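Every chain is numbered from 1 and lettered A, B, ... according to where its sequence line falls, protein lines coming before strand lines. Remember, it's a predicted structure, so these values are computed and weren't measured experimentally.
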Amino acid sequence: MISPSSSWLIWPIIVPLLGAVLCFLAGKPPRRTGLLFAVLTGGASLVLGWQVLARGIESHALGAWRPPLGISLRADGAAALMVTMTAVTGLAVSIYSGGYFQSRLTGDDRDRRRLAQEQYFWPLWLLLWGALNGLFLSGDVFNIYICLELVALSSVGLTALSGKPPSLVAAMRYLLVSLLGSLSFLLGVGFFYKTCSTLELAAIIGALAPTPPMIMALALVSAGLLLKTALFPFHFWLPPAHANALSPVSAILSGLVIKGTWYLFYRFWQEEILLAAVGALPAILGGGAIIWGAFQAFSQQRLKMLVAYSTVAQIGYLFVAFPLLADPAGMGGPALFYFAISHSFAKGAMFLAAGTFLLQMGHDRIDDLAGVRQILPVSSFAFALGGLSLMGLPPSGGFIAKYLYVTTAITQGRWWLALLVVLGSGLTAAYVFRAVAAILSPRLLEERPQLAVAASMQWSALALALMAMLLGIVATLPLALLGVK
Amino acid sequence: MTVSPALIYGLTGLALFVIGLAGLLLCPQLLRKILAVNVMASGVFLFLVTIAHGSGALIDPVPQAMVLTGIVVSVSSTAAALALLCRIRENADRRDPSQQKGGR
Amino acid sequence: MVWQNWLLVAILLSSMVPGLIIFSLAESNRGWRTALNILGATVKMILVLVMIVGIYQGRRFAVHLRLLPDIELVLRADPLSALFVALSSLLWLLTTIYAIAYLEDSPNRSHFFGYFSLCVTVTIGIALAGNLLTFLFFFEMLTLTTYPLVIHRGTPEAMAAGRVYLLYTLSGGLLLFFGVAWLHALAGQIDFSRQGVLLPLLAEHRLSLILIFAVLIAGVGVKGALVPLHGWLPRAMVAPAPVSALLHAVAVVKAGAFGIMRIVLDVYGLPLSRELGLLMPLLLLAAITIIHGSLLALGQDNLKRRLAYSTVSQVSYIALGISIGSPLAIMGGMVHLVHQGIMKITLFFCAGNIAETLEIHDISGMNGVGRRMPLTMGAFTLAAMGMIGLPPMAGFVSKWYLGLGAIDQGMEWLIAVLVLSTLLNAAYFLPIIHRAWFKEPAAPWPGTPGPTGFRECHWMLVAPPILTALLSLLVGLLANSGLSPLAWVRFIVATRYGP
Amino acid sequence: MKKGGKGRTPRDNRGWRLLPVMALLLLFLAALARAYLFPGASAAGLAARVDASLAAGGVGSRVTAVLLNFRAYDTLLECFVLLLGVMVVWSLWRPDGAKSREPAAGAILASLERLLVPLMIMVGSYLLWAGSDRAGGAFQAGAILGGAGVLLLLDSSPLLKVFPKRGLVPGLCLGPLFFLSVGIAAMAWGGNFLEYRSPEASLIIIALEGAAAFSIGLCLAALFGGRPPERQAEDGRDQPSRNQGEFR
């Protein structure tokens, strides 16, 4: 039995849940409580990451009932890495949000609604954070279903928070798609249980076999997860939802939420039997996403829409490399995870910066943003650095990920994959520079508006972007963590 | 294979799932989509209950517990969906009258 | 010894740290900005000198940073990198002085000098890169740090030029990336200090090796402005003069040429390149670029565009020397890296002065400029003479060794190329000189000459070109002394291919 | 898949276009049925294991044992799903949006309410108590209590005023908070999260069930009510205010 002093496995889940309840209990907008619990959650997650790195796999049988009867939490390297990633992005987003909601108060009639938004933002966000950690750490498929629902419902709540008609419609789509995905997942779980008599994830994955019930179960589960991850062609709901949400919410949705379902998909699909049989399927869809998403991103007029479509394209990268998981040298997994983390940081930073522009300028039309650098140098720099990582240019985590993708693909003789990745990063460069050229443009603004945004909004975005850069230089640490199996 | 009640229930559950899916895909109205999702959920729950009864004499409590949990999830998300629907309606209502004024 | 390894990092930091601080300075904070710039450039010069002395005494400097189990970033100073580092640091110092005066009272100076310093940092990184991945690392960063400089003016033409610049350089970067990754998949990490790593692959992967070579050369060739890939260079001329100086002499084009050297000499190595038959196509490409660039330069009336096409032509001397492949020719190519840099930066400084003071951009309007700005035109004349290759200027030394090397390899026809190129150089430089000195100005000059008559413009604008012009004379005159670039290049070639 | 409801085509010429979709769905159903009917696919389930551990579980009812002991973590998260539902619904509420719901017609509903609500509370309590060794438990009890709440809300019954407005949110949070504290307390006693065994288990489970049923009932009613309590209080004087303090 694990003594409480040694196991941190449970805390990244409970602390945010507790925080969410306390924030909900608080009468007025619970900014301090929210920030406090965000810091505590982040701290707990980082400690867990460190523990796994130092001591190996952590596991915790809830209620001391072992599977298959009970549920156990389990943190291997991959799970711990995702929790750590969530902590870093989550901390930056939380700090940003503190400044964001403060800066939006204008002292006029709209403040009441804005205060109401903040009042629900904190509990919803903390619940989402806890549910994501629960998702990464859970070792039980039914429990994962509940976590998925928690994630989906809180994401929908956050999406709708802005209250504008487009975001409400987007939230509705998001909710329906999510429910469809969850139900498909649950039916798959039913088939799994019928066949294996267990809900333990590891046991189910171990028992995967090409029998009709198992195939059907896996197909249902995978379809549900793909739908929720918004892999092309299931991406239709994502851009409006991500782009119309409040800016910290956009960062959360793009940087973190899609990674949850992607991670689950990875857990099911990393098995070699599966990869050998149908591994090309996610790769083909991923390829479609890369091309389609990039073209769509390029033709957007609004910055947040551009960033949102870029998420569609980048999700493609998360799936296109699935065939590489069969790499004998074992570099496929690191490539995928490296990409996932860098994307989380870079995309988070870009959405946060875009949100700062939107708040300061009152719009996010790309062509009219020229000169924004002079008012918001730090945010502009953060956006550019995030874009750098997205394009896979050095020095950034994106560069390392791309390098791993291409070398691994060439080693395996998957030329189409290598070429696709290179082509894709060219397309990425095209749309990222469309935005960056406007933001960094030296054109002088006619009038210099009063600075309306809090410093924490600028610097938190930069910190996140710098984390993406740092990944390009200290690559060994996350890979060592990932190597804990 | 004999036709047992379990068999009928299970197939009914699956059929409900597909019918719900059809409704979700094909009905244009949001309210119907929400209802369709509920039909799907009922199908899944029926399927799970069948699994609980499917094997041997003992009734398996685990799927039953799953169904109970699933129902609560379904209630919660349906409530959220309906609230969203109301908001979307309100917005549409607020826009419509002004449009009519402009048109006439 | 620890300090030796930190020396390389310090050389990088000596321009990066001032650059980052400058970003945060207010636009009006001129004093601090200037002080930081000059301080950084001076410190860098001193550190580079220390490094050069160390290398000459046989020390080797290296810093390793492990990225992944089989990938590391390496900074290493060998004699060849020292050559490029020395050139870049010296010219950075001069360009900085020039730019401080040139950009007086124009907007966005913090931004400009910040990126300027970063750009030099990255160039030094390219020079010091110890393996192919590190080279790629800095090579791509060079694109990103120069882009804001190219669009510095923010006019629609500047933005369009920026787009073209990005299109070319990012595509080149992708090609290079692909080549590097491919080579990595084939042979693991390619370290510049271990020659002949690829030789064992010859039997099995002959075709792959040839293709990779083509991809790599195309990748660096974009920045090096090899002929079908040179389209960005003339357009980038919309940028301010210090930026052009930087693009042509200090950083970008040079980085491309340097990359060709590294790939041919250190990644593939001469024996393998010859075995695979790669040198001849490269040689032809370089020869075509030399002639084609000169021909295009002839047709330009805009001074800066003519200079730009001249760069296209001149930089290919470097590739030419390398691909001839004999020690003498390699010496000629390598030394031209320095010589062309010094001469071309002079020309751009002068063009900038003329455009800034007299608002003359076209050659047809340059009648009599020499009388109004004798010092500037004097420097221009000197550098142009060097470019043509008149003895005893720097350009002559390069061409001499290239010719010797060609004869060494039995490629006498190359002499014809060199002569033709020299004639073309003369054809597009001499008319400018003639106009400036011997024709009457069409109209009186705007603005009155300064009180002393020699005060053409700010001294910080005049001093750098005079200095570099003199330098281009001296490195030719004193080529045989121990301190000249040629002597250093001889040292490089001697360490590689024996005396 | 197009959602949103606008731009629908007339019903009559949709038929032909539906055909391929229908065919695909039927195919899907066939595949599902084939997977379901695949011989030998049924495994034993966990019934035997549950029975074997029932003694240590603290309750006689097997479903309750699964819900509140073996898989109590699921149930904990479950309570959070409901609370989350309330948060989402409340966050969507706009005082200026809805036409206020007209009270449903009086007399019949009022008498029904008088008759049913006490009965429902009683039945709910019974279900809670019964849950320890037969069908029943927190969810069922909560559902009945929620139903009672809905009835009261239907005609804005004066009985609602008995319940203090300020108590609503704490009441909603009671179940999840109590659940969490039980879990953490178990760790403080040196066990795992949510670890409790006989003999204390039955007591803890009953307490948990009580708190959960109360919060579940309240959550369900709140979901139906759809508006946060603060706004209800302010409905009459719905003036926008600058003062942050007045907001709550």
Whatever's closer than 4.5 Å to a heavy atom in chain D on A:L199 counts as side chain

Name the option with the most non-hydrogen atom pairs under 4.5 Å to chain D; the candidates are A:V156, A:L168, A:L187, A:L17. A:L17

Measuring heavy-atom distances to chain A, does D:L83 have an atom under 4.5 Å in its side chain, in its backbone, in both, or in neither? side chain

So what's closer than 4.5 Å to chain A heavy atoms on D:L172: side chain, backbone, both or neither? side chain

Do the side chains of D:V169 and D:W90 get nearer than 4.5 Å, heavy atoms only? yes

With a 4.5 Å cut-off on heavy-atom pairs, point out which of D:L77, D:L84, D:V81 contacts chain A the most. D:L84

Working to the nearest 0.5 angstrom, can you tell me the gap between A:T198 OG1 and A:Y193 OH? 8.0 Å

Determine yes or no for a side-chain-to-main-chain donor-acceptor pair under 3.5 angstrom, with D:S181 supplying the side chain and D:F178 the backbone. yes

Working to the nearest 0.5 Å, report the span between OG of A:S154 and CE of D:M87. 9.5 Å

Please check if the number of heavy atoms outside D:L24 that lie under 6.0 Å from its CG is greater than 12. yes

Quick check: does any side chain N or O of A:S182 sit under 3.5 Å from a backbone N or O of A:S178, one acting as donor and the other as acceptor? yes

Return the option, out of D:I184, D:N69, D:L194, D:L76, with the maximum number of heavy-atom pairs under 4.5 Å with chain A. D:N69

Need one label for D:L180: side chain, backbone, both or neither, based on atoms under 4.5 Å from any heavy atom in chain A. side chain

Could you check which of D:V50, D:V89, D:L32, D:D74 has the highest count of heavy-atom pairs closer than 4.5 Å to chain A? D:D74

I'd like to verify something: which residue of A:L153, A:L73, A:L18 has the highest number of heavy-atom pairs under 4.5 Å with chain D? A:L153

Relative to chain D, which segment of A:I10 carries a heavy atom at a distance below 4.5 Å: side chain, backbone, both, or neither? side chain

Structural part of A:F191 lying under 4.5 Å from a heavy atom of chain D: side chain

Got a donor-acceptor contact below 3.5 angstrom from the D:R62 side chain to the D:V59 backbone? no

Roughly how far apart are D:F80 CZ and D:F179 CZ, rounded to 0.5 Å? 10.0 Å

A:L127 versus chain D, heavy atoms under 4.5 Å apart: side chain, backbone, both or neither? side chain

Distance-minimising heavy-atom pair for A:W237 and A:L227: NE1-O, 3.2 Å

D:A72 versus chain A, the contacting section by heavy-atom distance below 4.5 Å: neither

Does any heavy atom of chain A fall under 4.5 Å from the side chain of D:L92, the backbone, both, or neither of them? side chain

